[in-house]
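One structure is given here, and the rest of the page talks about it.
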Amino acid sequence: VFQSCIFQPRSHLTINRHFKYQPSTMTSEVFSLSRHTNIAGDKYDEELCEPQDDSHDEKYGKAAAAATKARCKFVQGVLFVGVVTLTVILFQGESNNHSRVVHSMPLKLGEDPSPVNVWDVSGAKKLNKVEEKKDKNKNEKNYKNDTKEIMETRKKMNVKTLEVAVMKLDTEVRSIKKSLPSGHFMETDPGALKVTKKLQDATRKLLAARYGPDYDDPAGDVYGGHHYRIKFDLAFQKSMPDYAANGASGSFTIEMAPTSIIPHSVFTFLEVARLFKRNAASGGFGTAFHRNAGHVLQARVTTHGRVRHLAFQEYDKRYPHKKYTLGYAGRPSGPAFYVSIQDNSKNHGPGSQQKRNPNEADGNFGRVISGFDVVDRVHKMPGKGFIGSEEDVVGIQEMTIMVPSADGKYTVWKGA
């Protein structure tokens with residue numbers, strides 16, 4: 001009907017009250033089904049309608065045409081509203097994809113929000129890409145943070161596991177040392193050497209897990225490479241003869257020996273440094289240089305039982321007690337230590353401290369690499385030998401652990 005009323009001329013098509021197709025050349029005889037209703041609402045009960053004359057058809061044909069025209073207009077209106085509504089919905093759907101960035105686009109001072117600014121879809125797309133990139137970076141950052149947290153947790157668990165293994169082997173070594181028969185020594189007994197090697201291997205793994213690796217010199221120089229370092233911050237008291245000139249503070253730095261040769265000695269002193277801050281919380285100079293001898297500057301160490309002495313006298317002839325090296329004092333050695341202010345390779349080397357065991361030596365764990373003048377200044381503290389007055393000792397206020405990277409750069413270790 002819609003197509004007919006739009007495209008067909010009235011001279012070619014007439015719609016009568018019975019909705020019959022009636023070209024102008026047809027006869028007036030038309031048949032209709034029963035119970036049909038015409039446009040005017042008249043009902044016909046006849047099973048077969050009688051033929052109608054032309055005047056009758058013309059009368060009702062005009063009414064039907066008018067009604068059909070009105071219906072066509074209504075359909076046109078509905079279609080127009082539908083098309084407009086669909087267009088608006090589709091356009092709003094596209095613009096809503098960019099509405100967040102379009103409305104957030106800043107205007108310059110005095111600039112009107114013209115349609116070009118409001119509906120700049122290309123600009124909105126660019127800004128959306130920026131926002132998507134930010135979201136992606138944020139997600140990646142969160143993922144990296146989550147991954148970092150997981151890695152830190154795994155690292156702590158790994159350190160704890162290795163710590164337990166080291167403690168177990170440490171206890172076993174101490175037990176063997178006590179039970180060795182006369183004439184047997186830790187440095188030569190096959191059973192003792194086997195267990196101490198296991199302790200050294202486990203200790204290397206623990207050091208690497210806790211602090212990261214240290215790096216040996218490719219040429220094999222024990223004084224080369226990049227190894228753990230510790231910075232000592234000292235407190236000089238007013239009794240120092242040069243106090244007025246040089247003040248109360250000073251520092252020096254040591255580099256630890258390679259863990260590839262003496263890991264147990266290195267680990268023990270790193271434990272002293274790692275736990276040092278808690279020791280300092282007790283106040284005073286619990287850890288201090290308290291002995292001023294001709295060949296060494298010896299320091300007492302307060303650990304409140306958290307660091308034990310060496311399980312065995314670990315020593316390597318490739319790392320002797322040269323000047324400005326650091327070794328452990330006493331028998332059993334450590335955690336008290338000393339700085340050699342002369343070459344003590346013979347004085348503290350194998351067999352030097354007792355005649356019973358010609359293989360035993362003081363453990364050696366590091367060497368001074370900077371602040372030599374500060375070390376020399378300690379030697380100027382009042383008194384000789386063991387210092388009796390607490391007002392004359394040189395306190396150690398802080399120890400800071402520094403760890404290396406493969407390229408030789410050092411950072412402060414911030415672990416626990």
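Nothing fancy with the numbering, it's 1 onward along the sequence.
- Applying the ring-ring contact (aromatic ring centres under 6.0 Å, His included) definition to pairs two or more places apart or across chains, none involves residues 163-187.
- A salt bridge does not link Lys177 to Glu360: none of the charged side-chain nitrogens sits closer than 4.0 Å to a carboxylate oxygen.
- Nearest heavy atom pair, residue Val222 against residue His227, reads O-NE2, 4.3 Å.
- Side-chain rings of Tyr243 and Phe236 stay apart, their centers remaining 6.0 Å or farther from each other.
- Within the 4.5 Å cutoff, side-chain heavy atoms of Arg174 are placed close to those of His309.
- With Ser265 contributing its side chain and Ile262 its backbone, the two residues share no donor-acceptor pair below 3.5 Å.
- Atoms CG and CD, from Leu207 and Gln200 in turn, are 11.5 Å apart once rounded to the nearest 0.5 Å.
- Residues meeting the side-chain hydrogen bond (donor to acceptor under 3.5 Å, both in side chains) test with Glu187, sequence neighbours left out: Asn357.
- Every residue two or more places apart in sequence or in another chain was checked for a side-chain hydrogen bond (donor to acceptor under 3.5 Å, both in side chains) with Ser251, and none qualifies.
- A distance of 6.0 Å or more separates the ring centres of Phe365 and Tyr319.
- Side-chain contact annotation: Asp214 with Thr259, donor-acceptor N/O pair under 3.5 Å present.
- A side-chain N or O of His379 and one of Asn292 form a donor-acceptor pair less than 3.5 Å apart.
- For the side chain to side chain donor-acceptor pair (under 3.5 Å) criterion with Asp201, the lone passing option out of Lys198, Arg204, Lys205 is Arg204.
- Judged by distance alone, the side chains of Tyr410 and Glu255 do bring a donor and an acceptor atom under 3.5 Å apart.
- Counting only heavy atoms from C-beta outward, the side chains of Asp343 and His321 never approach each other to under 4.5 Å.
- The distance between the ring centers of Phe252 and Phe372 does not fall below 6.0 angstrom.
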For a side-chain hydrogen bond (donor to acceptor under 3.5 Å, both in side chains) check, start with the C-alpha distance between Asp392 and Ser239, then their side-chain angles and the critical distance, and finish with the verdict. CA-CA 6 Å; Asp392 295 334; Ser239 59; 2.9 Å; yes
For the pair Glu163 and Arg210, evaluate salt bridge (charged side-chain N to carboxylate O under 4.0 Å, His left out) and give the outcome as yes or no after the intermediate values. CA-CA 10 Å; Glu163 215 171 31; Arg210 175 171 284 160; 2.5 Å; yes
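- Residue Gly395 comes nearest to Ala288 through the heavy atom pair CA-CB, 3.8 Å, listed as atom of the first residue, atom of the second, then distance.
- Side-chain polar atoms of Tyr338 and Asp362 form a donor-acceptor pair below 3.5 angstrom.
- Of all non-hydrogen atoms in Ala299 and Phe289, the two that sit nearest each other are CB-CD2, 3.8 Å.
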Is there a side-chain contact (heavy atoms from CB on, under 4.5 Å) between Gln313 and Tyr328 once you walk through the steps? CA-CA 9 Å; Gln313 295 298 122; Tyr328 289 110; over 6 Å; no
Please step through side-chain contact (heavy atoms from CB on, under 4.5 Å) for the pair Gln353 and Arg331, ending with a clear verdict. CA-CA 9 Å; Gln353 301 298 306; Arg331 285 295 183 278; 3.2 Å; yes
Kindly determine whether Thr411 and Val403 satisfy side-chain contact (heavy atoms from CB on, under 4.5 Å), including the steps that lead there. CA-CA 6 Å; Thr411 56; Val403 294; 3.6 Å; yes
